[in-house]
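Everything numeric here is computed off the predicted structure, so don't read it as measured data. The figures here come from the full heavy-atom set of this structure, side chains too, leaving out hydrogens, waters and symmetry mates. Numbered from 1 within each chain, the chains take letters A, B, ... in sequence-line order.
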Number of protein chains: 2
Amino acid sequence: MPLRRVTIHDVARAAGVSTTTVSEALSGRGRTAEETRERVRRVAEEIGYVASAAARSLRLGRSGALGLYVPDRTVGFEYYVQLARGAAEAALSHGMALTLVPAWDNVEQLRALHIDGLIVADPAVGDPVLHVLRSLPVPMVTVEIDLDPSATPVGVVHADHLGATAALLDHVAAAGATSIAVLAPGDETAFGEQVRRVCADRDRVRVFDIPLAYRPEDATAAVDRALAADSDALVLIPDGSAIVALHHLQGRGIRVPDDVLLASYVDGPSLQIARPRITAVDIDPRLTGEAAVQALVDVVVSGHKGAIETRVPAVLNERESTRRG
Amino acid sequence: MPLRRVTIHDVARAAGVSTTTVSEALSGRGRTAEETRERVRRVAEEIGYVASAAARSLRLGRSGALGLYVPDRTVGFEYYVQLARGAAEAALSHGMALTLVPAWDNVEQLRALHIDGLIVADPAVGDPVLHVLRSLPVPMVTVEIDLDPSATPVGVVHADHLGATAALLDHVAAAGATSIAVLAPGDETAFGEQVRRVCADRDRVRVFDIPLAYRPEDATAAVDRALAADSDALVLIPDGSAIVALHHLQGRGIRVPDDVLLASYVDGPSLQIARPRITAVDIDPRLTGEAAVQALVDVVVSGHKGAIETRVPAVLNERESTRRG
DNA sequence: CCTCCTTGTCGAAACGTTTCGACACATGGT
DNA sequence: ACCATGTGTCGAAACGTTTCGACAAGGAGG
């Protein structure tokens, strides 16, 4: 019952060549005659040869797996699921696996994961798990800039938050807002820091604090503060918080967009499910995941030297929550 | 700079024993003197030895990775994220990695993942990717029963949907509902099939169809049909649909719970964020993920024979959406 | 003293790749 | 004829584990 696995030796025997030739023919390295190469490929296919990842890893000293660490927030699931999907697909298309890295602070066990590279989504200053992860001897790419001064990732992929925030504020202003409240997290992430920088440059825009890993009460409290300050437009930055705000506003009998305008930063399916649909900036998380994998592959397998920076585009999705009339 | 890795030979030399002894001491197999065992452990720790996963895999013929496939739905993210987290943690605590399996239908590439076992979340009859996955030569555990007759997973972990549905319906009835509309998916999943079975046994309970992978319009349409049939309580089965329904009801000016009662089947953070908070049955997805990994580990590493069935508990979380007065 | 069993240790083979260096042969220039 | 160069192929070593079978030492029982 447990059939012996088909090895490269079987292919070699069946094709009448050496294992060296098989290896070179299949990988495209070395100098093999085109005719031989073709024959070997056909034979391999025929007898169902799949190279052993273990043997290859052992020889190459690479595990063939990339790790993905996503922080343990209470919200923002949609974003991370899509990010993970994009990353997993990109990894597989490069012949690598994407391994989920749990929020674990035991170095021993994390080392046992044997990954060749690590993707960290939304690194936050002070995350203890992240601190441990940084001590792993593998290259790391962050999605969004890591503000920790001790961090030296080999790559960063991030959206143009400066531009996107500006576009969002312009849009809300154009929609008739005269006093805009931006509910933003602090500067423990580059994201929050950049948003705040844009806001600081503008008149009639005030920033209200909302924790990065917020509880619903945090969000509603921030909304109340903004309303008390006579804001007529609310821009919610953290993923998922716009929904909370909408519920809260509707609970208080405040109409959107008639009484106040509402916009979100991070887009996602739930914003299109909500009524009214909520205006948001779409930063495609799948693309982001793919880019992160690409950067890591460049470093790990292609041996790229030096830092890699990838920018993913942001698109403003204008919806009913900022449309009056 | 690229330091040579610390191997078992280094440990052997440093401890003055053979590699055999090191291997046996660290793994606890074989018959090693307790004193030697202790010394080897200390030395290994000291010089920072981490066994090579690749070498071990090669020798053992196991990759040390479990795969997780989650269907590509438009909703239900929270559930799957928690499931994945639980599974990843459980896997790591067994010294294995959890690999994300993308929704890909290329057998070649999927084989290249080299996983020892596969967890499939919510198998749906007719899923083409699932069909391909079944042809992989690895044991498979499903979360929820696979209704496909050609499916023969080695394990199933599922909640007591029969009991949970009954409890939910009882609760809603006790809260004052006289005509309960249950919005449930069809019987392409065991989940839907079981819910329908419970409903069929009851008076004053009608079932309305809602696709498993629903778009928001599908959900709102089903809600409208239920309301047109004079229902005074809505029980939404698919994950995430209760939120859509709540938005829709509020948009139509219908108050919850005053005008109609609302309850969800799958619980999640967003149901506690909503206003009013929505009653739901909590089936802890983390526990579910852990159980799935446990079953797979039993089969793959401990060589368990025969089918494994694990039941995870369900708890009714009563909230404001079904509380009148 | 010889045999038998137990206990602790070890040498060496095997797992399946990739790749270095060598070899054989052909080609073309001197 | 000889050498230099280029092309296609291959043997064998190496990657780091686990484990089978063997061996030595020590006691128990005859």
Do you know the tightest heavy-atom contact between B/Ala12 and B/Thr19?
CB-N, 3.8 Å
Would A/Trp104 and B/Leu92 count as a side chain to side chain contact (heavy atoms under 4.5 Å, CB included) here? Give the steps.
CA-CA 9 Å; A/Trp104 215 278; B/Leu92 190 51; 4.2 Å; yes
Output a table of donor-acceptor pairs, distance under 3.5 Å, between side-chain atoms of residues 297-309 of chain B and any protein atom two or more places apart or on a different chain; print 'none' if there are none.
residue, atom, partner, partner atom, Å
B/Asp298, OD1, B/Gln294, NE2, 3.1
B/Glu309, OE2, B/His158, NE2, 2.7
B/Glu309, OE2, B/Arg311, NH2, 3.4

Would you say a side-chain N or O of A/Thr32 is under 4.0 Å from OP1 or OP2 of D/dG8?
no
D/dC10 OP1/OP2 closer than 4.0 Å to side-chain N/O of A/Ser18
yes
Distance in angstrom units between B/Arg37 CZ and C/dT7 C1', rounded:
13 Å
Write down the distance between CZ (B/Arg13) and P (C/dG11), rounded to a whole number of angstrom.
13 Å
In whole angstrom, what separates B/Arg62's CZ from D/dT18's P?
11 Å
Just wondering, are more than 12 heavy atoms of other shown residues or ligands nearer than 6.0 Å to CD in A/Gln109?
yes
So does B/Thr19 get a side-chain nitrogen or oxygen closer than 4.0 Å to the phosphate oxygens (OP1/OP2) of D/dT17?
no
D/dA22, D/dT17, C/dT17: which one has an atom nearest the side-chain heavy atoms of B/His9?
D/dT17
Would you tell me if any nitrogen or oxygen in the side chain of A/Arg56 comes within less than 4.0 Å of OP1 or OP2 on C/dG16?
no
So does A/Arg37 pair up with A/Glu24, basic N to acidic O under 4.0 Å?
no
Provide, to the nearest angstrom, the distance between the CZ atom belonging to A/Arg29 and the C1' atom belonging to C/dC20.
14 Å
Name the residue closer to the 5' end of DNA chain D, choosing between B/Ile8 and A/Val17 according to the nucleotide with the nearest heavy atom.
A/Val17
Where each residue is assigned the nucleotide of DNA chain C containing its nearest heavy atom, which of B/Gly16 and B/Arg59 is assigned the position nearer the 5′ end?
B/Gly16
Checking only heavy atoms, does the side chain of A/Thr20 share a donor-acceptor pair with the base of D/dT9 at less than 3.5 Å?
no
If you measure from the Lys or Arg side-chain nitrogens to the Asp or Glu carboxylate oxygens, is any gap between A/Asp10 and A/Arg5 under 4.0 Å?
no
So which one's nearest nucleotide on DNA chain C is more toward 5', B/Thr21 or B/Leu58?
B/Thr21
Would you mind classifying the nucleic acid contact of B/Ser57 as base, sugar-phosphate or nothing, using non-hydrogen atoms under 4.0 angstrom?
nothing
Separation of D/dG16 P from B/Leu60 CG (nearest whole Å)
17 Å
At under 4.0 Å, does any side-chain N or O of A/Thr7 touch on OP1 or OP2 of C/dG16?
no
B/Ala33 side-chain proximity, nearest of C/dG8, C/dT19, D/dT18:
C/dG8
Rounded to whole angstroms, how far apart are CD on B/Glu24 and P on D/dC20?
9 Å
By nearest heavy atom, map B/Arg31 and B/Ser52 onto DNA chain D; which one lands nearer the 5' end?
B/Ser52
When you measure from the side chain of B/Arg5, which nucleotide among C/dC10, C/dA22, D/dG16 comes out closest?
D/dG16
Just call it for B/Ala54: base, sugar-phosphate, or nothing, with non-hydrogen atoms closer than 4.0 Å on any strand.
nothing
